Amino acid sequence: MVLKKKLEEEKRKAEEKERRKEEDKRKKERAMAYQEHEWARAEEGLYDEDEEEEMRAKKELSYCAACNKKFKSDKQWKNHEQSKKHRNKIAELRKAFREE
């Protein structure tokens, strides 16, 4: 009886292993056959000149010359503008320009 259970267990494990191999093989075949949808592809010249210039200007806005800092988002930039440190630096710059 014990021998019969061991044989059944080994047979079940072998079948499970074979099933996993087949499943992995099918996954690899699907991955190799995958084609990207046309709507998902990046297009060259997606933006016209005005939009590109606007994007460059937006990137430039995320840099504070007075504090010498770069910001990754508009929210960070706006928060920085409200900070006491930034306002003090701007006041110092205005004072320096007036003296000149």
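This one's a predicted model, so the numbers in the text were calculated from it and none came from an experiment.
Sorted by first and then second residue, the salt bridge (charged side-chain N to carboxylate O under 4.0 Å, His left out) pairs with a member in residues 77-99 form an empty list; sequence neighbours excluded.
Here the SG-CD1 distance, from C64 to I90, works out to 5.5 Å after rounding to the nearest 0.5 Å. Rounding to the nearest 0.5 angstrom, the gap separating the NZ atom in K11 from the CD atom in E8 is 8.0 Å.
Scored by the salt bridge (charged side-chain N to carboxylate O under 4.0 Å, His left out) test, R30 finds no partners at all (sequence neighbours excluded). The salt bridge (charged side-chain N to carboxylate O under 4.0 Å, His left out) test applied to E23 returns R19, K27, not counting sequence neighbours. In terms of the side chain to side chain donor-acceptor pair (under 3.5 Å) criterion, E22 has no residue partners (sequence neighbours excluded). With sequence neighbours excluded, the residues forming a side chain to side chain donor-acceptor pair (under 3.5 Å) with N68 are Y63, listed by chain and number. Here Q82 pairs with nothing under the side-chain contact (heavy atoms from CB on, under 4.5 Å) rule; sequence neighbours left out.
No donor-acceptor distance shorter than 3.5 angstrom exists from the side chain of E9 to the backbone of K5, with no hydrogens or angles considered.
Note on ring orientation: taking the six-membered ring where Trp is involved, the planes of W77 and H86 are perpendicular (angle over 60°, cut-offs 30° and 60°).
Two residues are said to be in side-chain contact when any heavy atoms from C-beta on lie closer than 4.5 Å; R20 and E16 meet this criterion.
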